[in-house]
Structure formats: structure tokens, C-alpha cells
Amino acid sequence: MTSKIGFIGLGIMGRPMALNLKKAGHALWVHGRRAATMAPLVEAGATSCASPKEVAQNADIVFICVSDTPDVEQVILGENGLVHGVRPGSAVVDMSTISPTATRTFAAALKARGADMLDAPVSGGEVGAINATLSIMVGGGPAAFARARPYFEAMGKNIVHVGDHGAGQVAKACNQVVVAVTIEAVSEALTFARRNGVDPAKVREALMGGFAGSKILEVHGKRMLDRDFRPGFKARLHQKDLKIVIDAAHQLGLAMPGAALVAQHLNALMGSGDGELDSAAIVKVIERMSGAEK
Ligand code: NAP
């Protein structure tokens with residue numbers, strides 16, 4: 001069945017996710033801040049819109065994949081935001097990684113207009129977005145989840161309804177802690193190997209088959225060895241995600257020393273002008289601290 005779908009935010013993740021929805025045969029209305037980001041979607045047959053409001057006026061279900069909490073706020077509640085165009089009975093699915101607390105506020109504002117909201121952040125990176133193999137962690141009501149499920153299946157593989165509003169964002173925050181602390185561990189291990197005069201590529205190969213093996217050792221470890229820091233997942237976005245974690249932990253009085261340490265290393269990357277690099281560039285911070293730069 002062809003559905004009327006909206007998509008807002010057409011960056012590294014949003015563009016391939018929207019293209020996969022188009023490939024699944026749906027009619028698509030898109031909005032990006034710049035015409036250039038909309039061009040590949042328009043070429044594929046989507047209709048470009050001047051504002052989120054215009055998207056909402058045309059679509060029954062609107063997906064969002066923008067950068068940070070204030071961006072989602074602007075898209076939903078801003079002057080020409082979705083709340084000014086949504087029709088009762090429509091749904092908004094936010095696939096950005098943002099604050100769980102703010103998510104609950106946005107869901108309430110949409111509910112007041114008769115629209116359902118789901119938070120549905122993703123994991124799996126650009127490759128997962130292109131290949132429609134993303135992990136999707138969803139928060140919100142069961143009826144809205146059932147309605148959105150076929151569209152999630154066009155974008156991802158491991159689709160889990162975690163709980164009520166904000167629960168998807170909490171799951172994604174957990175994901176980012178595990179990823180960040182593992183990138184830190186891989187950075188330290190590969191630098192340790194090199195400083196001991198041992199080939200870090202061979203160490204990675206040896207570790208891959210044992211308990212230290214992981215997707216991060218495989219993908220980010222390879223990026224570190226190849227010195228290929230093209231994003232992928234930008235360090236500035238990872239810094240943003242750990243700020244979400246640390247702010248929430250602060251409110252809860254919860255100690256998260258590992259996450260706090262890596263957040264400092266991401267701050268250092270930002271300070272040295274490397275925020276647009278992939279977050280595998282954490283290895284550069286570790287190297288700089290010990291004069292082990294490559
Ligand atoms: P990105 O490449 O920087 O794309 C973000 C897009 O959002 C840009 O096209 C940006 O427009 C647009 N945008 C931001 N604010 C907007 C607004 N107010 N109105 C309309 N468009 C707006 O980032 P990304 O890597 O796709 O990440 C998007 C989200 O997915 C983030 O929350 C990120 O944490 C999450 N995520 C990313 C990955 C990954 O591997 N990249 C993996 C999982 C989750 P401009 O082009 O005009 O700046």
C-alpha cells in the first residue's frame with residue numbers, strides 16, 4: 001500500500017533512510033534546510049517542501065532525522081514547525097538521537113494536536129542506513145508502534161519497542177555509552193601495541209576472534225589503522241550524545257565515570273578542531289597525550 005510519508009533532515013543518515021522509504025514505494029514529501037540536501041530525494045521522485053509545516057500538511061506519518069535536541073524542537077515546535085500543520089490522527093516519528101526528557105515534552109505538544117509521537121533513534125551508522133539494516137529502538141504507545149512498524153522494516157532489521165515515550169532515547173543513550181567506552185579501549189590498546197613495537201594491525205587481527213572482538217574493534221579499529229577519519233559518525237555528534245547521558249546521570253545522582261572520561265576526550269577533539277571527523281579520531285587524543293602522534 002502506498003502511504004503519504006514525510007521526511008525531515010537529509011544528512012548522512014536521513015538521506016539513505018528516506019531513499020529506502022521511497023524505494024519501498026511510498027509517496028514522499030521532504031524538507032531540508034538547504035536545497036542541496038533535498039536534491040537526491042527530488043531526483044528519486046520526492047516532493048520538496050519549504051517547511052516542516054508543509055510536510056505535515058501533506059503526509060500522514062512524518063519521520064525526523066536531524067542533529068540535536070534544539071533542532072528537533074525547531075522542527076516540531078518552531079514558527080513553521082510540524083505542530084502547525086499536523087492533522088489529528090497523524091503520527092510523527094523522531095529518529096534523531098536527543099534528550100529523553102525533551103522527547104516527552106514534544107510528545108505531549110503533538111498529543112495536544114491529536115498526533116501520536118514515537119522516539120525511534122537508530123544504531124548501525126551510514127552503512128546500516130544505506131543497507132536498511134539499522135537497529136531501531138522505539139519509545140511510545142503500542143498502537144503508534146504497530147502503525148510505524150512496516151516503515152521501520154524498510155529502514156532497519158532489529159526493531160525493538162523498548163517502552164513508553166523517551167524509552168527509545170534512553171536505550172540509544174545506553175548504546176552510545178557502550179560504543180564510546182569501547183572506542184576509547186580500542187584506541188588505547190592499538191596505541192599500546194604500537195608503542196611496544198608490535199604491529200597494531202596484527203594485534204587487532206589476533207583480538208578479533210576472542211572475547212575482545214567487537215564491531216567497534218572491527219570497524220573503528222580499522223579506521224584507526226588506516227587513519228581514515230572521514231565520518232561515519234561525527235565526533236561532535238558523539239560529544240552531543242554523551243552530554244545527554246551525563247546530564248541525565250547528573251539529575252539521577254548516578255556515577256558514570258567511563259562515559260565522563262570519554263566525554264572529556266571528545267571535548268578535546270572539538271577543541272582541536274576535529275569535531276567533524278569520525279569519532280574513531282579519539283585515538284588521536286590518546287596519541288597526543290603521550291607524544292605518540294602518527
Ligand atoms: P548530519 O549528517 O549532520 O545530518 C543532520 C541533518 O539534519 C543535516 O542535513 C542538517 O541540515 C539537518 N538539520 C539540522 N537541524 C535542522 C533543522 N532545524 N531543520 C531542518 N534540517 C535540520 O548528521 P547524521 O549523521 O545524519 O545524524 C542525524 C541524527 O542521527 C543525529 O541525531 C545523530 O546523532 C543520529 N545518528 C547518526 C549516526 C551516524 O552514524 N551518522 C548513527 C546513529 C544515529 P544541514 O545539512 O543544513 O546542516
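The residues of the chain are indexed from 1 along the displayed sequence. Indexing begins at 1, ligand by ligand and atom by atom, following the structure's order.
Contact annotation: for Thr37 versus ligand 1, heavy atoms closer than 4.0 Å belong to the side chain alone. Contact annotation: for Gln74 versus ligand 1, heavy atoms closer than 4.0 Å belong to the side chain alone. With a heavy-atom cut-off of 4.0 Å, His238 does not touch ligand 1 at all. Residue Asp68 does not touch ligand 1, judged by heavy-atom distances below 4.0 Å.
Of the N or O atoms in Val75, none lie within a sub-3.5 Å distance of an N or O in ligand 1. Checked against a 3.5 angstrom limit, the closest N/O atoms of Lys240 and ligand 1 fall inside it. For the pair Ser123 and ligand 1, the shortest N or O to N or O distance does not fall below 3.5 Å.
Taking 4.5 Å as the limit, every side-chain heavy atom of Phe233 sits out of range of all side-chain heavy atoms of Met13.
Ion pairing of Arg288 with Asp274 is present here, as a side-chain N (NZ or NE/NH1/NH2) and a carboxylate O approach within less than 4.0 Å. The pair Lys284-Glu287 fails the salt-bridge criterion, with no side-chain N (NZ, NE, NH1 or NH2) lying under 4.0 Å from an Asp/Glu carboxylate O. Salt-bridge annotation for Lys111 and Asp116: present, with a side-chain N of the basic residue lying under 4.0 Å from a carboxylate O of the acidic one. A salt bridge is defined here as a Lys NZ or Arg NE, NH1 or NH2 lying under 4.0 Å from an Asp or Glu carboxylate O, and Arg149 with Glu153 meets this definition.
The NZ atom of Lys157 sits 9.0 Å away from the CG atom of Asn131 when rounded to the nearest 0.5 Å. We find the CH2-OG distance between Trp29 and Ser48 to be 12.0 Å, quoted to the nearest 0.5 Å. In this structure, Leu266 CG and Leu261 CG are separated by 10.0 Å, a value rounded to the nearest 0.5 Å. Atom-to-atom distance recorded for Glu188:CD and Ile282:CD1 is 10.0 Å, nearest 0.5 angstrom. Here the straight-line distance linking atom CD1 of Ile136 with atom NE2 of His161 works out to 13.0 Å at 0.5 Å rounding.
From the protein, the heavy atom lying nearest to atom 1 (P) of ligand 1 is Lys234 NZ, 3.8 Å. When hydrogens are left out, the protein atom nearest atom 41 (N) of ligand 1 is Gly232 O, 3.3 Å; that is the closest non-hydrogen contact. The nearest heavy-atom contact from the protein to atom 5 (C) of ligand 1 is Ser67 OG, 3.6 Å. When hydrogens are left out, the protein atom nearest atom 39 (C) of ligand 1 is Phe233 CD1, 3.3 Å; that is the closest non-hydrogen contact. In terms of protein heavy atoms, atom 47 (O) of ligand 1 is closest to Arg34 NE, 3.0 Å. What sits closest to atom 29 (C) of ligand 1 on the protein, heavy atoms only, is Val66 O, 3.2 Å. Atom 14 (C) of ligand 1 has Arg33 NH2, 3.4 Å as its closest protein atom, hydrogens excluded (heavy atom only). The protein heavy atom nearest to atom 26 (O) of ligand 1 is Met13 N, 2.9 Å.
Comparing Gly11, Gly125, Ser96 by heavy-atom distance to atom 8 (C) of ligand 1, the nearest is Gly11. Of the candidates Ile76, Leu237, Ile12, Leu10, the one placing a heavy atom closest to atom 27 (O) of ligand 1 is Leu237.
Close approach of ligand 1 to Thr97 is summarised as follows: ligand atoms under 4.0 Å from at least one heavy atom of the residue are 32 (O), 34 (O), 35 (C), 44 (C). Residue contact check: Val122 has heavy atoms under 4.0 Å from atoms 43 (C), 44 (C) of ligand 1.
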Would Phe152 and Met95 satisfy side chain to side chain contact (heavy atoms under 4.5 Å, CB included), going step by step from the backbone distance to the final call?
-> CA-CA 10 Å; Phe152 290 148; Met95 305 190 80; 3.9 Å; yes
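Assignment of Cys65 to the shell around ligand 1 is supported, since a heavy atom sits closer than 4.0 Å. At least one heavy atom of Arg236 lies less than 4.0 angstrom from ligand 1. For Lys172, the closest heavy-atom approach to ligand 1 falls below 4.0 Å.
Below 30°, between 30° and 60°, or above 60°: for Tyr151 and Phe63 the angle between ring planes is above 60°, a perpendicular geometry.
Placement of Val55 and Val72 within a single hydrophobic cluster is found when ILVMFWY residues are connected by side-chain heavy-atom separations under 4.5 Å, directly or transitively.
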